[in-house]
Amino acid sequence: MPEGIKIIAQNKKAYFNYSVEDKIECGIALEGTEVKSVKAGNVSFTDSFAFIEKGEVLLQGFHIAEYAFSSVFNHNPDRKKKLLLHRDQIKRLQRKVEEKGYTLVPLDYYLKKGRVKVTLGVCKGKKLFDKRASIKEKDINRDMAREFRRGLQD
């Protein structure tokens, strides 16, 4: 990642369950104590996804835990969050999602110049045999790295 970017969380499961066709950087509209809670890393997005409704991109399933040091006026942890994109970007995403099998999945959350950003991926679900191929490739790479380290130590 370039300088000035701090990664908060990555969705590693998305790369296993989906093949990522396209990526786009989005801002996210947060309220009150949500920003402090995100900066503290109190986020969970195991089953989060984005959808387009009335010309807006909304993020569902992104849980931001309540900020521990706030007053009684805390945020709702499970509300839908609005993603900030240009109108032409939303239209392009809309056309992609209308194709069969495509969905919008958040890939990672990070801070860029003090602002919370989301990398949104246009993804297509993998079949079981694709997942097996991914596992096999990962095992082969791990074995090659292990052999390479052994060769360096000798």
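Between atom CG of residue Asp143 and atom CZ of residue Phe148 there is a gap of 15.0 Å, rounded to the nearest 0.5 Å. Distance check: Leu120 CG to Lys23 NZ gives 11.5 Å after rounding to the nearest 0.5 Å. How far CG of Leu84 is from CD of Gln89: 10.5 Å, rounded to the nearest 0.5 Å. Here OG of Ser48 is found 11.0 Å from CG of Leu104. Values are rounded to the nearest 0.5 Å. A distance of 8.0 Å separates CD in Glu98 from CD1 in Ile52, rounded to the nearest 0.5 Å. Residue Lys13 holds its NZ atom at 11.0 Å from OH of Tyr18, rounded to the nearest 0.5 Å.
Using a cut-off of 4.0 Å between Lys/Arg side-chain N and Asp/Glu carboxylate O, Asp139 and Arg142 are scored as salt-bridged. A salt bridge is absent between Lys80 and Glu56; no separation between the charged side-chain nitrogens and carboxylate oxygens falls under 4.0 Å. Ion pair Arg92/Asp22 flagged as a salt bridge, since at least one NZ, NE, NH1 or NH2 atom sits closer than 4.0 Å to an Asp/Glu carboxylate oxygen. Using a cutoff of 4.0 Å between basic side-chain nitrogens and carboxylate oxygens, Lys81 and Glu31 are not scored as salt-bridged.
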Practice item. For the pair Cys26 and Ile24, evaluate side chain to side chain contact (heavy atoms under 4.5 Å, CB included) and give the outcome as yes or no after the intermediate values. Key: CA-CA 6 Å; Cys26 315; Ile24 190 165; 4.1 Å; yes

**Study point:** CA sep, side-chain torsions, deciding dist, call: Arg150, Glu147, salt bridge (charged side-chain N to carboxylate O under 4.0 Å, His left out)
**Key:** CA-CA 5 Å; Arg150 274 195 207 136; Glu147 292 294 324; 3.0 Å; yes

Exercise for review: Evaluate the criterion side chain to side chain contact (heavy atoms under 4.5 Å, CB included) for residue pair Val118 and Asp108; output intermediate values, then yes/no.
Suggested key: CA-CA 6 Å; Val118 178; Asp108 56 4; over 6 Å; no

**Study point:** side chain to side chain contact (heavy atoms under 4.5 Å, CB included) between Thr103 and Val97, intermediate numbers included
**Key:** CA-CA 6 Å; Thr103 185; Val97 171; over 6 Å; no

Exercise for review: Walk me through it: do Lys6 and Lys112 pass the test side chain to side chain contact (heavy atoms under 4.5 Å, CB included)?
Suggested key: CA-CA 7 Å; Lys6 179 186 173 195; Lys112 184 176 182 181; over 6 Å; no

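Other residues, nucleotides and ligands contribute over 12 non-hydrogen atoms within 6.0 Å of the OH atom of Tyr109. More than 12 heavy atoms of other residues, nucleotides or ligands shown are found within 6.0 angstrom of CD on Glu99.
Proximity of Leu111 to Ile7: side-chain heavy atoms (C-beta onward) are nowhere separated by under 4.5 Å. Looking only at side-chain heavy atoms (C-beta outward), Gln60 and Phe62 stay at 4.5 Å or farther from each other.
Checked by atom type and distance alone, the side chain of Thr119 never pairs as donor or acceptor with a backbone atom of Glu25 at under 3.5 Å. Between the side chain of Ser19 and the backbone N or O of Lys124 there is at least one donor-acceptor pair closer than 3.5 Å.
Closest heavy-atom contact between Val20 and Gly121: CG1-CA, 4.5 Å. Contact detail for Leu59 and Pro106: the closest heavy-atom pair is CD1-CG, 3.9 Å. Between Ala14 and Leu107, the shortest heavy-atom contact is CB-CD2, 3.9 Å. The two atoms that bring Ala50 and Leu83 nearest to each other are CB-CD1, 4.3 Å, heavy atoms only. Scanning all heavy atoms of the two residues, the minimum distance from Arg79 to Glu34 falls at NH2-OE1, 2.8 Å. Of all the heavy atoms in Cys123 and Val105, the pair that sits closest is SG-CB, 4.0 Å.
Residues Ile90 and Val122 are members of one and the same hydrophobic cluster, defined by side-chain heavy-atom contacts under 4.5 angstrom among Ile, Leu, Val, Met, Phe, Trp and Tyr.
The cationic group of Lys96 lies under 6.0 Å from the six-membered ring centre of Tyr102 and within 45° of the ring axis, placing it in a cation-pi geometry.
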